[in-house]
2 protein chains.
Amino acid sequence: MSSTIRDVARLAGVSASTVSRALSMPEMVNAATRERVQSAAERLGYAPNRAARGLITGRTGNIGLVVPDLANPFFPSVVKGIQARARAADIAVFLADTDEDPAAEVGLVRALAKQVDGMILCSPRAGLDELTGFAADTRVVLVNREVPDIGSVTFDNTDGMRQAVGHLAALGHRRIAWVGGPAKSWSDGERARGLTDAAAAAGLEVVKIGHFPPHYDGGYAAADQVVASGATAVVTYNDLVAIGLMARLDARGISVPNDFSVVGIDDIAMSRMARPALTTVSLPKQQAGRVAVELLLALLDDPDGSAGPSRQLPGELIVRGSTGVTP
Amino acid sequence: MSSTIRDVARLAGVSASTVSRALSMPEMVNAATRERVQSAAERLGYAPNRAARGLITGRTGNIGLVVPDLANPFFPSVVKGIQARARAADIAVFLADTDEDPAAEVGLVRALAKQVDGMILCSPRAGLDELTGFAADTRVVLVNREVPDIGSVTFDNTDGMRQAVGHLAALGHRRIAWVGGPAKSWSDGERARGLTDAAAAAGLEVVKIGHFPPHYDGGYAAADQVVASGATAVVTYNDLVAIGLMARLDARGISVPNDFSVVGIDDIAMSRMARPALTTVSLPKQQAGRVAVELLLALLDDPDGSAGPSRQLPGELIVRGSTGVTP
DNA sequence: GTGAAAGCGCTAACAC
DNA sequence: GTGTTAGCGCTTTCAC
């Protein structure tokens with residue numbers, strides 16, 4: 001159905017290798033021949049079969065992308081950044097959604113690894129050993145996860161939490177609750193630690209409220225414990241949790257921000273739309289995606305394939321209505 | 001780096017062809033040999049190179065998926081459905097996001113078409129001729145778009161609008177505004193027509209308010225015209241628009257649902273979380289994704305590749321706070 | 001039931 | 001500068 005390199009060769013009256021050269025290394029071929037080949041290719045709508053090319057060059061021009069859950073708006077943003085940067089490099093993206101299932105993660109990585117040049121793993125839930133194992137087989141870049149000897153793009157949680165604490169301290173809060181996300185989430189640990197350290201430095205008290213699913217319902221469920229903790233402000237694992245938490249607060253007649261302050265992390269679109277709008281540590285999600293692709297490309301061009309420098313991106317506190325009033 | 005069929009053959013003490021058979025047509029090989037091959041494959045972590053296999057079988061085991069904008073929560077849901085169904089069939093998914101750019105759409109389809117068995121195009125913005133052209137080259141299934149002779153999965157907009165109108169009429173509304181989405185969107189036309197027809201049948205008046213971007217900001221921008229129209233209720237192109245519209249209404253001190261009723265379409269997660277929660281025509285997004293994959297699989301198995309039967313999925317009105325009160 | 005040989009579409013080495 | 005040859009990893013005749 002689709003035309004091959006030989007069709008073009010026949011039409012242009014040259015050999016297949018000349019077609020190949022004319023298309024991928026135009027300098028190496030006579031100008032006249034080149035034009036003949038190019039117009040023939042044009043006329044046939046020819047485009048090389050990348051699978052066949054990959055077989056011989058060892059480069060497929062494809063990358064794999066694994067995310068835990070597309071329904072969490074954080075990930076589509078990262079995916080968009082990755083897409084955009086990959087397309088600019090003429091690279092196609094395999095996407096897999098694991099549904100937050102670590103076992104599925106392992107299977108999907110193995111399945112995809114064979115047909116891609118490298119993989120980007122977003123917030124992987126897999127264990128350290130598994131990730132190290134992946135990186136031995138394939139070029140891997142991590143997003144929102146740090147593992148020794150594997151390239152990664154992360155966010156500066158320490159500084160983000162410092163900003164959040166500074167803001168809450170300035171509003172007069174003395175006791176802050178932390179609502180944690182999935183126990184297997186690397187960033188959960190980072191954020192909790194960042195918050196604890198920043199609070200200690202500022203002389204504030206932190207109450208940790210268990211682990212909750214990283215969704216609206218998780219926040220909704222956490223709210224009552226947060227209130228019972230005696231805190232006057234809360235920082236949550238992510239925006240979705242914060243929004244769910246605010247809904248429960250509202251249902252109980254607790255006013256945000258008059259009675260309570262809420263700070264999220266991520267800055268998903270929904271946070272602007274919430275009422276009151278959510279104060280949050282904004283993370284450069286699309287940029288993280290773009291940077292991840294760049295790291296991966298560097299890794300692919302690097303003959304020994306050692307991990308390039310990892311990148312840490314800054315977060316920025318966006319103050320909105322959910323922390324507008326002093327307690 | 002990765003082991004090939006010959007490595008397995010050597011370890012099992014058989015030929016490559018036997019390995020191939022033992023793995024893909026286990027019946028055709030002696031039980032003892034089969035076990036030897038399978039354990040050898042296991043030990044080496046062998047998985048066939050799908051590109052190489054595709055070269056000879058003509059089937060890559062991959063499908064392409066093109067969506068206009070992952071930032072619109074409607075699409076991640078569909079993508080999740082597609083992913084899940086594809087994975088069950090051991091099929092990998094190439095994902096491309098066009099950023100609502102029809103030109104990018106064409107380019108991406110062409111680029112992907114070569115390395116996939118078929119493509120799913122979600123809410124494509126491309127013209128009729130272009131889509132027909134695609135379908136001539138590749139197996140194509142459309143989601144949320146209907147084109148003659150191309151298989152598709154759509155939602156029953158006519159019935160959905162009938163439900164919405166029935167609800168609003170029962171609340172006592174006599175004059176309903178319609179806020180349209182992108183002019184190039186097929187479903188925009190369908191929904192507008194569905195609403196108009198249902199309103200006519202029920203003896204209600206419809207005021208159409210132009211075309212707006214299918215986002216929060218579009219709804220925010222449309223609100224003032226909606227109010228000026230003299231309508232007491234509004235149906236919007238999608239939930240995002242409805243939520244933006246409600247925000248502007250709120251900013252102007254117009255109470256939903258006391259002064260105004262709002263109905264969206266899609267039922268994205270955010271609609272449950274909005275305050276007041278949004279009444280909306282819920283669309284089975286994940287199911288649409290699953291069905292699209294099934295249609296595509298049927299198309300691939302069909303030797304003459306003619307368009308299979310298209311499927312239309314029902315929508316269901318979910319009544320929430322945004323239409324709770326009679327005007 | 002199994003192996004040897006051919007070939008999918010392409011590119012890279014080697015001749016010329 | 002261009003054609004010929006070989007081969008990427010796999011499946012599929014065709015012999016045996």
Side-chain angles (χ1 to χ4, degrees), chain A residues 1-38 40-41 44-62 90 92 110-117 137-138, chain B residues 1-38 40-41 44-62 90 92 111-117 137:
Chain A
M1 57 167 152
S2 180
S3 55
T4 82
I5 197 170
R6 278 200 282 268
D7 299 328
V8 181
R10 201 174 311 122
L11 183 59
V14 297
S15 77
S17 21
T18 301
V19 175
S20 174
R21 278 189 285 252
L23 264 28
S24 37
M25 337 143 89
E27 287 72 33
M28 286 195 54
V29 69
N30 192 322
T33 330
R34 190 196 318 147
E35 297 228 339
R36 220 144 28 92
V37 170
Q38 281 171 345
L44 264 42
Y46 170 78
N49 179 325
R50 300 177 77 148
R53 169 186 285 173
L55 212 48
I56 181 151
T57 60
R59 289 273 285 252
T60 61
N62 299 327
D90 195 28
R110 286 209 205 299
L112 281 182
K114 312 290 273 200
Q115 35 187 352
V116 299
D117 298 332
D137 291 346
T138 324
Chain B
M1 53 169 149
S2 180
S3 55
T4 83
I5 198 170
R6 278 200 282 267
D7 298 327
V8 180
R10 200 173 314 123
L11 183 59
V14 297
S15 77
S17 18
T18 300
V19 174
S20 174
R21 277 188 287 252
L23 264 28
S24 37
M25 338 140 91
E27 291 76 30
M28 286 195 54
V29 68
N30 194 321
T33 326
R34 188 197 319 148
E35 297 228 339
R36 220 143 28 92
V37 170
Q38 282 171 344
L44 265 42
Y46 170 77
N49 179 325
R50 299 177 78 146
R53 168 186 286 173
L55 212 47
I56 181 153
T57 60
R59 287 273 284 254
T60 62
N62 299 328
D90 196 27
L112 281 183
K114 311 292 272 200
Q115 36 186 351
V116 299
D117 298 333
D137 292 345

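Note on naming: letters A, B, ... go to the chains in the order of the sequence lines (proteins, then strands), and numbering restarts at 1 for each one.
As rounded to whole Å, 10 Å separates atom P of C:dG7 from atom CZ of A:Arg6. In this structure, CZ of B:Arg21 is placed 11 Å from P of C:dA4, rounded to the nearest angstrom. What separates CG of A:Leu23 from P of C:dT11 is a distance of 8 Å, to the nearest Å. Distance, B:Ile5 CD1 to D:dG9 P: 11 Å, rounded to whole Å. Per the geometry, CG belonging to A:Asn30 stands 15 Å off C1' belonging to D:dG3, to the nearest Å. Counting to the nearest Å, the P atom of C:dA13 and the CE atom of A:Met28 are 11 Å from each other. Look at CG on A:Leu55: it is 12 Å from P on C:dA12, rounded to the nearest Å. The distance between atom CZ of A:Arg53 and atom P of D:dG9, rounded to the nearest whole Å, is 18 Å.
Scanning both residues, A:Arg53 and A:Pro48, for their nearest heavy atoms gives NH2-CG, 3.3 Å.
Within the 4.5 Å cutoff, the side chain of B:Val14 has heavy atoms near those of the B:Val19 side chain. Two residues are said to be in side-chain contact when any heavy atoms from C-beta on lie closer than 4.5 Å; A:Leu112 and A:Thr138 fail this criterion. In this structure, the side chains of B:Gln115 and A:Asn62 come closer than 4.5 Å at one or more pairs of heavy atoms. The shortest side-chain heavy-atom distance between B:Gln38 and B:Leu23 falls under the 4.5 Å cut-off.
Picking from D:dC10, C:dC10, D:dG9 the nucleotide with the shortest atom distance to the side chain of A:Tyr46 gives C:dC10. The side chain of A:Asn49 sits closest to C:dC10 out of C:dC10, D:dC10, D:dT13. Nearest nucleotide to the side chain of A:Ala52, out of C:dC10, D:dG3, C:dA12: C:dC10. Of the candidate nucleotides D:dC8, C:dC8, D:dT12, D:dT12 has the atom lying nearest to any side-chain atom of B:Thr57. When each of D:dC10, C:dG9, D:dT4 is scored by its nearest atom to the side-chain atoms of A:Ser15, the top-ranked nucleotide is D:dT4.
Among the heavy atoms of the strands, none lies under 4.0 Å from B:Arg50. Within 4.0 Å of B:Thr33, counting heavy atoms only, lie sugar-phosphate atoms of the nucleic acid but no base atom.
As rounded to the nearest Å, C:dC10 and D:dG1 have P atoms that lie 24 Å from one another.
In this structure, A:Ser24 and B:Glu27 both approach DNA chain C, and ranking their closest nucleotides by distance from the 5' end singles out B:Glu27.
Evaluation of atom-type donor-acceptor distances gives a pair under 3.5 Å for the side chain of B:Ser17 against the base of C:dA4.
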